[in-house]
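Just the heavy atoms: all of them, side chains too, but no hydrogens, waters or symmetry mates, feed the values below.
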Amino acid sequence: MKVLVIGGGAREHALCRSLSLDPDVHAVHCAPGNAGIAEVATLHAVDALDGAAVAALAAETGAGLVVVGPEAPLVAGVADTVRASGVPVFGPSADAARLEGSKAFAKDVMAAADVPTARSYLCTTPGETDAALDAFGPPYVVKDDGLAAGKGVVVTEDLATAREHARTCGRVVVEEFLDGPEVSLFAVTDGEHVVPLQPAQDFKRAHDDDEGPNTGGMGAYSPLPWADAGLVEEIERTVLRPTVDELRRRGTPFSGLLYAGLALTSRGMRVIEFNARFGDPETQAVLARLKTPLGGLLLAAATGRLAELPPLHWDDGAAVTVVVAAADYPASPRTGDPVEGLDQVREQDGPTAYVLHAGTRRDADGRVVSAGGRVLSVTATGDDLATARERAYAAIGRIRLAGSHHRTDIAAAAAAG
């Protein structure tokens, strides 16, 4: 089978890497890709938001499966167009992808499915926003109703900051602050059957000790040694299956990757958000532990055959991912700086730690340079979190990128017990 992956971030690099290790996958193609993905897949130029162009590329490459990685093409209906051309697609329809594309739609689905989530108000005017902020009080949580490339959520104690974010967004969801640790859980679904993956925890704030602004994610780890043994089963029963069932009942079945971001609060589990695709950086840590071939799993979801698959097989160890961000990320990340030391990671850390590219490209001289805010991530594995963490930071220490920054506390508390 040949697989075409749409996207060009660390998530897509992780997907392409895992697919390249699947014995049933004979070739991996990626569009547009990045400097790192080029090492495991053939790159193509394409407008990822143009469904007809993606469908044509799938035909040109002879793809037996198309995996749409980012959220914007899914919300734009790219999966629908490719699916209509007769090629199996891993990714929901535009209607189902509204679960991520509109916070208000997701709240409506959760209310209908009796899925636990934060109390919230949909606000379309400054007056409505002020009333909602006053009702909940600090910390204030303000979410852009639509897609915002990981920059749509503000959590702040400052009322003026909350109001300003709402003003720049227009239509927003204001909700209560959820206390307690956060958990990310992916589930592969064919619209009827649901197969949860292993849980992970990510780190959204830019700096150590959860300081600084929200980001797209600065690191993640899996598994969660502190979590209840029945946590995944509870999330599947109370969140994932009811949501998939409700979308099917509405005539918009969700086929692809359903991501649930949850808070384990003092009042019980609550959904923070849904995504309609693999999340970054949790994908890197979770896929590092998956031993079941990825291509067959995604194809089964795309063709409605998940029920035929045996249970997933996982590595018993741990994985830790640490993100290296460009200077001034997330405000105004600097680009064009050379990334050095990648060969040293490859030569000295071998299979236990590897680099996954996010915002990179090759310049006219063939050098890998930064091309985005989150430039790359290092994923390392080990028998336990402490070992995986040690290997990840050893590899990070070999990488040189002027002005870059990374968190030094990813998985520290969990590794320390």
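- Residue pairs meeting the side chain to side chain donor-acceptor pair (under 3.5 Å) criterion with at least one partner in residues 28-37, sequence neighbours excluded, are H29-H44.
- Proximity of L262 to V239: side-chain heavy atoms (C-beta onward) are separated by under 4.5 Å at one or more points.
- Residues satisfying the salt bridge (Lys or Arg N to Asp or Glu O under 4.0 Å) test with E236, not counting sequence neighbours, are R241.
- In this structure R167 satisfies the side-chain hydrogen bond (donor to acceptor under 3.5 Å, both in side chains) test together with E164, sequence neighbours excluded.
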Donor-acceptor contacts under 3.5 Å from residues 407-417 side chains, at least two apart:
residue	atom	partner	partner atom	Å
R407	NE	H207	O	3.3
R407	NE	D409	OD1	2.9
R407	NH1	R205	O	3.1
R407	NH1	H207	O	3.3
R407	NH1	D210	OD1	3.1
R407	NH2	D210	OD1	3.2
R407	NH2	D409	OD1	3.2
R407	NH2	D409	OD2	2.9
T408	OG1	D208	OD2	2.3
D409	OD2	D209	N	2.8

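- Distance CG/L309 to OG1/T292: 8.5 Å, rounded to 0.5 Å.
- Of the inter-residue distances, the one linking H13 atom NE2 with T360 atom OG1 reads 8.5 Å to the nearest 0.5 angstrom.
- Sorted by first then second residue, the salt bridge (Lys or Arg N to Asp or Glu O under 4.0 Å) pairs that include residues 107-131, not counting sequence neighbours, are K107-E175, D108-R250, R119-E176, D130-R163.
- Counted by atom type alone, E282 and S184 present one or more donor-acceptor pairs between their side chains at under 3.5 Å.
- Shown here is D363, whose CG atom has more than 12 heavy atoms of other residues, nucleotides or ligands within 6.0 Å.
- Side-chain atoms of T189 never come within 3.5 Å of backbone atoms of S255 as a donor-acceptor pair (strictly under, hydrogens ignored).
- Residues passing the salt bridge (Lys or Arg N to Asp or Glu O under 4.0 Å) test with D22, sequence neighbours excluded: none.
- Residue I235 holds its CD1 atom at 5.0 Å from CG of L185, rounded to the nearest 0.5 Å.
- Of the inter-residue distances, the one linking W314 atom CH2 with K291 atom NZ reads 12.0 Å to the nearest 0.5 angstrom.
- Ionic pairing of R171 and D145 is present here: one or more N-O contacts between side-chain nitrogen and carboxylate oxygen are shorter than 4.0 angstrom.
- By the ring pair (Phe, Tyr, Trp, His ring centres under 6.0 Å) test, Y259 pairs with F186, sequence neighbours left out.
- Two residues are said to be in side-chain contact when any heavy atoms from C-beta on lie closer than 4.5 Å; C169 and K143 fail this criterion.
- Remark: F274 engages no residue in a ring pair (Phe, Tyr, Trp, His ring centres under 6.0 Å) (not counting sequence neighbours).
- The OG1 atom of T81 lies 8.5 Å from the CG atom of D50; values are rounded to the nearest 0.5 Å.
- Contacts classified as side chain to side chain donor-acceptor pair (under 3.5 Å) and involving residues 87-100 (residues at least two apart or in different chains) are given here: E100-R277.
- Legend: residues meeting side-chain hydrogen bond (donor to acceptor under 3.5 Å, both in side chains) with K204, ordered by chain and number and at least two apart, are D202.
- Y121 OH: 12 or fewer foreign heavy atoms inside a 6.0 Å radius.
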Pairs under 3.5 angstrom only: tabulate donor-acceptor contacts from the side chains of residues 300-307 to other protein residues two or more places apart or in another chain.
residue	atom	partner	partner atom	Å
T303	OG1	L299	O	2.7
T303	OG1	R305	NE	3.1

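- Partners of T125 by side-chain hydrogen bond (donor to acceptor under 3.5 Å, both in side chains), not counting sequence neighbours: none found.
- Here the side chains of V141 and T156 are not in contact, with every heavy-atom distance at 4.5 Å or above.
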